[in-house]
A.B. asks: 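My questions all concern the structure below.
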Amino acid sequence: MGEDLKVIVFALGDEEYGVDVERVQTIERMLPMTRVPKTPAFVKGVVNLRGVVTPVIDLRSRFGLEEREYTDQTRIIIVAVNELEVGLIVDSANDVLDVAENAIEDPPEVVGGIKAKYLHGIAKVGEDRLLVLLNLREVLNKDEIIQLEQFEV
């Protein structure tokens, strides 16, 4: 039997998403950001997190979803992909779940307006809960990672 996947669950609107807990460094409340000129609109800026300058992207904006005002529930999930730390702004970060490998199905072409290339799969959790698992390598694709790496000080 395959290994269970431990995921951090977060929300964008009414949809629940998951990212592999091993990729998550920390979850922060909203922090003051410094805007960086000539970056894509979804790059909200950089934050200084314990002495590390970390680029922050708004996942709603990244996925072409309607942007919302940030609230007390809004979180920045700091993830590591290919030696790069990036903050992902999400509506809320809810919990940590174990997802059985056999509960993960290939993603359909589009989920909630998000293209399949950004998705690792869809996990069935319990009777009626679906979790969209992100493919962080695509969410932060190589061209954009190269742009983001230029932020590093």
A.B. asks: The criterion is side chain to side chain contact (heavy atoms under 4.5 Å, CB included); which residues satisfy it with Gln25, sequence neighbours excluded?
C.D. replies: Ile78, Ala80, Glu85
A.B. asks: Taking distance alone, no hydrogens or angles, what donor-acceptor pairs closer than 3.5 Å link side-chain atoms of residues 27-37 to residues at least two apart or in another chain?
C.D. replies:
{"unit_1": "Glu28", "atom_1": "OE2", "unit_2": "Thr26", "atom_2": "OG1", "d": "3.0"}
{"unit_1": "Glu28", "atom_1": "OE2", "unit_2": "Arg50", "atom_2": "NH2", "d": "3.0"}
{"unit_1": "Arg35", "atom_1": "NH1", "unit_2": "Val43", "atom_2": "O", "d": "2.3"}

A.B. asks: So, do Val21 and Val7 sit near enough that their side-chain heavy atoms are less than 4.5 Å apart?
C.D. replies: no
A.B. asks: So for atom CG, which belongs to Asp95, do other residues, nucleotides or ligands contribute more than 12 heavy atoms lying within a distance under 6.0 Å?
C.D. replies: yes
A.B. asks: Can you find a pair of side-chain heavy atoms, one from Leu130 and one from Lys124, that are under 4.5 Å apart?
C.D. replies: yes
A.B. asks: Could you tell me the separation between the CG atom of Leu131 and the CD atom of Glu15, rounded to the nearest 0.5 Å?
C.D. replies: 10.0 Å
A.B. asks: Which pairs with one or both residues in residues 125-134 pass side-chain hydrogen bond (donor to acceptor under 3.5 Å, both in side chains), sequence neighbours excluded?
C.D. replies: Glu16-Arg129
A.B. asks: Is there a side-chain contact between Val86 and Val81 in this structure, where contact means two heavy atoms from C-beta onward sitting under 4.5 Å apart?
C.D. replies: no
A.B. asks: Show your reasoning for whether side chain to side chain contact (heavy atoms under 4.5 Å, CB included) applies to Asp58 and Val90.
C.D. replies: CA-CA 7 Å; Asp58 189 314; Val90 301; over 6 Å; no
A.B. asks: Over all heavy atoms of both residues, which pair between Ala11 and Asn94 is shortest? Give the atoms and the distance, please.
C.D. replies: CB-ND2, 4.1 Å
A.B. asks: Could you tell me if Tyr17 and Asp91 have a donor-acceptor pair between their side chains, going purely by distance under 3.5 Å?
C.D. replies: no
A.B. asks: Side-chain contact test, heavy atoms from C-beta onward, threshold under 4.5 Å: evaluate it for Ile104 versus Ile122 and give yes or no.
C.D. replies: no
A.B. asks: Which residues pass the salt bridge (charged side-chain N to carboxylate O under 4.0 Å, His left out) test with Glu22, sequence neighbours left out?
C.D. replies: none
A.B. asks: Please name all residues satisfying side chain to side chain contact (heavy atoms under 4.5 Å, CB included) with Gln73, sequence neighbours left out, ordered by chain then number.
C.D. replies: Thr71, Ser92
A.B. asks: Say whether Leu59 and Leu119 are linked into one hydrophobic cluster, either directly or through other cluster members, by side-chain heavy-atom distances under 4.5 angstrom.
C.D. replies: yes
A.B. asks: Could you go through Val9 and Val96, starting from their C-alpha distance and side-chain angles, then the distance that decides it, and tell me whether this counts as side chain to side chain contact (heavy atoms under 4.5 Å, CB included)?
C.D. replies: CA-CA 6 Å; Val9 178; Val96 178; over 6 Å; no
A.B. asks: Measuring from Leu134:CG to Leu12:CG, what's the distance to the nearest 0.5 Å?
C.D. replies: 8.0 Å
A.B. asks: Within this structure, what is the OG1-CZ distance for the pair Thr74 and Arg60, rounded to the nearest 0.5 Å?
C.D. replies: 9.0 Å
A.B. asks: Should Leu136 and Val99 be counted in the same cluster of Ile, Leu, Val, Met, Phe, Trp and Tyr side chains packed under 4.5 Å apart?
C.D. replies: no
A.B. asks: Apply side chain to side chain contact (heavy atoms under 4.5 Å, CB included) to Val79 and Leu88, showing your working.
C.D. replies: CA-CA 7 Å; Val79 296; Leu88 306 175; 3.9 Å; yes
A.B. asks: In Å and rounded to the nearest 0.5 Å, what is the OH to NZ distance from Tyr70 to Lys44?
C.D. replies: 5.0 Å
A.B. asks: Should Leu133 and Val19 be marked as a side chain to side chain contact (heavy atoms under 4.5 Å, CB included) after you check the CA-CA gap, both sets of side-chain angles, and the distance that decides it?
C.D. replies: CA-CA 6 Å; Leu133 301 176; Val19 290; over 6 Å; no
A.B. asks: Quick one: list whatever passes side chain to side chain contact (heavy atoms under 4.5 Å, CB included) with Val52, sequence neighbours left out.
C.D. replies: Thr54
